[in-house]
Structures are given as C-alpha cells and as structure tokens.
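Notes follow once the structure below has been shown.
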Amino acid sequence: DNCLVVTTKRYNQDYYISLYGGDQGTGSIIRNSVVDRFGGDSHTGHGISLKTGDFSKQLKENLIENCTVRGMKKSLEARHFYCDKNVYRNITIERGRERNKANVGGIAIMNGASYNIFENITVKDVRNAVLILSNKETPKAPHAGTGNVFKNCVFEGVDKVIDSKKDETG
C-alpha cells in the first residue's frame, strides 16, 4: 500500500513494481501507489508488472487497484502463461513527463496471460492503449492471451486502441 516509485534518471531503470510468480503466487495486493518515470531515462520501463517467467510459476488472484502509472512503455503488465485471474481496477495511465509519445504505452497482455479483469482503467495520451504481444520470451505459450475482460475503461488521445503483434526478438 501507498508506494511511490520514481526513476532516478539512472541508465536502464527497468521494472518499477513487479510481482514475480512462485509456487503459491496468489493473494498479493498493490494498492494506492504511484509509479512515475521521468523522461530521459535510457530504458522506457515497466510500471506495474505481474510476471510468471515460465511454466512452473503462477500469479493468480492478485489485486492491483487505485494506482497511477506515468511515462512507461509497458505501464501495466499481465505477462506469461499462468498469470491469470488477476484484477486491475481504478488505475490511471498517463504519458507523464515523457516527451516522445511512442515511448509510452498502456496495458500489455503478453505470452499467455489469461482471464484477467481490467476495470475502470483510464489510459491517456499514449501510443497504444492495449498491446497484445506474443514473443520468444515464453515460446511454449499457446497464445498471447485469452479471456481477458475490459470493463468501463476509457482511452483518451491514444494512437491505437489495440495493437496485437508477434515479436520474434523476445
């Protein structure tokens, strides 16, 4: 609860708030937190990330709510197979201080993340409101993600509402 995580303008500041899967991986809460990347950091960043890593880990039934994320390429991530049944709600994603809109994105669903709920998410002035991505990072994932639900989300000033792609670089 109540975290403030900001860039230090150091090179390659990567993940800001991250839950990584484990044998249990359930019931964590990220609430009332702000993540803010100042423009100029050499890495475009991952704001709040749920990431299982491989097929032996899980992240299920976690709650992320009442948060703000600014200036990240992947602001809110559901990432990898077994990252499922999580709830993301009442979150604002903004461009923040990043000058280049192409360096800022909204929600990323990647490599098999499924059955997550995104509710009352506002995404403002970014390149992609939602990115659905499959890449070599999790080659065994059968799809980029399935059964994810978006309820009462608002996308303002975005270049693309949904961008779906396969990236071979991993």
Side-chain angles (χ1 to χ4, degrees), residues 1-7 13-21 25 28-38 41 43-53 59-98 101-135 137-138 144-165 167:
D1 276 341
N2 302 310
C3 294
L4 172 62
V5 184
V6 297
T7 186
Q13 188 160 332
D14 199 355
Y15 289 84
Y16 287 70
I17 296 178
S18 183
L19 295 181
Y20 191 80
S28 293
I29 298 173
I30 299 171
R31 180 183 292 136
N32 302 323
S33 296
V34 175
V35 179
D36 198 348
R37 176 185 165 270
F38 293 97
D41 190 317
H43 192 287
T44 52
H46 306 263
I48 300 175
S49 178
L50 273 61
K51 181 176 182 176
T52 61
L59 274 172
K60 298 176 186 240
E61 300 164 3
N62 298 289
L63 174 63
I64 295 84
E65 69 176 352
N66 304 327
C67 295
T68 300
V69 182
R70 294 184 193 104
M72 304 285 165
K73 181 85 168 217
K74 294 183 179 124
S75 295
L76 193 62
E77 292 183 321
R79 199 166 173 171
H80 303 143
F81 203 70
Y82 295 134
C83 179
D84 57 10
K85 300 178 185 94
N86 300 292
V87 176
Y88 304 78
R89 71 174 171 226
N90 303 325
I91 297 170
T92 300
I93 297 169
E94 302 171 325
R95 183 169 166 183
R97 294 174 187 89
E98 174 59 52
K101 189 176 184 178
N103 285 339
V104 185
I107 301 163
I109 298 170
M110 300 172 60
N111 299 326
S114 299
Y115 306 107
N116 297 288
I117 297 172
F118 300 89
E119 183 175 6
N120 295 327
I121 310 291
T122 300
V123 180
K124 297 179 186 177
D125 198 26
V126 303
R127 184 173 185 183
N128 303 317
V130 178
L131 171 64
I132 300 170
L133 177 66
S134 177
N135 67 20
E137 188 174 66
T138 312
T146 189
N148 294 293
V149 175
F150 293 83
K151 296 168 33 176
N152 300 317
C153 294
V154 176
F155 306 132
E156 299 175 17
V158 300
D159 293 345
K160 293 181 184 177
V161 173
I162 298 174
D163 190 10
S164 178
K165 60 175 121 180
D167 178 359

For a 4.5 angstrom cut-off between non-hydrogen side-chain atoms, does [X] reach [Y]?
X: Val34; Y: Arg70; answer: yes
X: Val130; Y: Phe118; answer: no
X: Ile17; Y: Ile30; answer: yes
X: Arg79; Y: Thr52; answer: no
X: Tyr88; Y: Leu50; answer: yes

_Let's go through Ile107 and Lys74 carefully: what are the C-alpha distance in whole Å and the side-chain angles of both, what is the deciding distance for side chain to side chain contact (heavy atoms under 4.5 Å, CB included) to 0.1 Å, and is it a yes or a no?_
CA-CA 7 Å; Ile107 301 163; Lys74 294 183 179 124; over 6 Å; no

Please tabulate, for the side chains in residues 144-162, all donor-acceptor contacts under 3.5 angstrom to protein atoms that are two or more places apart in sequence or on a different chain.
residue: Asn148; atom: OD1; partner: Tyr115; partner atom: N; Å: 3.4
residue: Asn148; atom: OD1; partner: Asn116; partner atom: N; Å: 3.0
residue: Asn148; atom: OD1; partner: Asn116; partner atom: ND2; Å: 3.1
residue: Asn148; atom: ND2; partner: Ala113; partner atom: O; Å: 3.0
residue: Asp159; atom: OD1; partner: Lys101; partner atom: NZ; Å: 3.1

*asked:* For a side chain to side chain contact (heavy atoms under 4.5 Å, CB included) check, start with the C-alpha distance between Val104 and Met72, then their side-chain angles and the critical distance, and finish with the verdict.
replied: CA-CA 5 Å; Val104 185; Met72 304 285 165; 5.8 Å; no

*Who pairs with Arg31 by salt bridge (Lys or Arg N to Asp or Glu O under 4.0 Å), at least two apart in sequence or on another chain?*
Asp1, Glu65

*Under the salt bridge (Lys or Arg N to Asp or Glu O under 4.0 Å) test, which residues partner Lys73, sequence neighbours left out?*
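Salt bridge (Lys or Arg N to Asp or Glu O under 4.0 Å) check on Lys73 returns nothing, list empty.
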
_Set of residues satisfying side chain to side chain donor-acceptor pair (under 3.5 Å) with respect to Asn66, sequence neighbours excluded_ =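 Partners of Asn66 under the side chain to side chain donor-acceptor pair (under 3.5 Å) test: Asn90.
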
Could you pull out every donor-acceptor pair under 3.5 Å between side chains of residues 121-129 and any protein atom, sequence neighbours left out?
residue: Asp125; atom: OD2; partner: Arg95; partner atom: NH1; Å: 3.2

*For Ser164, side-chain contact (heavy atoms from CB on, under 4.5 Å) partners two or more places apart*: Ile132

*For the residue pair Asn32 and Cys67, what are the closest heavy atoms and their distance?*
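Answer, listing the atom of Asn32 first, then Cys67: N-SG, 4.0 Å.
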
_Can you tell me which residue among Leu63, Ile117, Ile64 is in a side chain to side chain contact (heavy atoms under 4.5 Å, CB included) with Arg89?_
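Considering Leu63, Ile117, Ile64, a side chain to side chain contact (heavy atoms under 4.5 Å, CB included) with Arg89 is found only for Leu63.
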
Distance from [X] atom [atom1] to [Y] atom [atom2], nearest 0.5 Å?
X: Phe81; Y: Ser114; atom1: CZ; atom2: OG; result: 6.5 Å
X: Glu61; Y: Ser28; atom1: CD; atom2: OG; result: 11.5 Å
X: Leu76; Y: Leu131; atom1: CG; atom2: CG; result: 12.0 Å
X: His80; Y: Ile109; atom1: NE2; atom2: CD1; result: 13.5 Å

*asked:* Has Asn86 got a side-chain atom pairing as donor or acceptor with Leu59's backbone, closer than 3.5 angstrom?
replied: yes

*asked:* What I want to find out is whether Arg37 reaches Glu98 closely enough, with some N-O distance under 4.0 Å, to be called a salt bridge.
replied: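 Answer for the salt bridge query: yes.
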
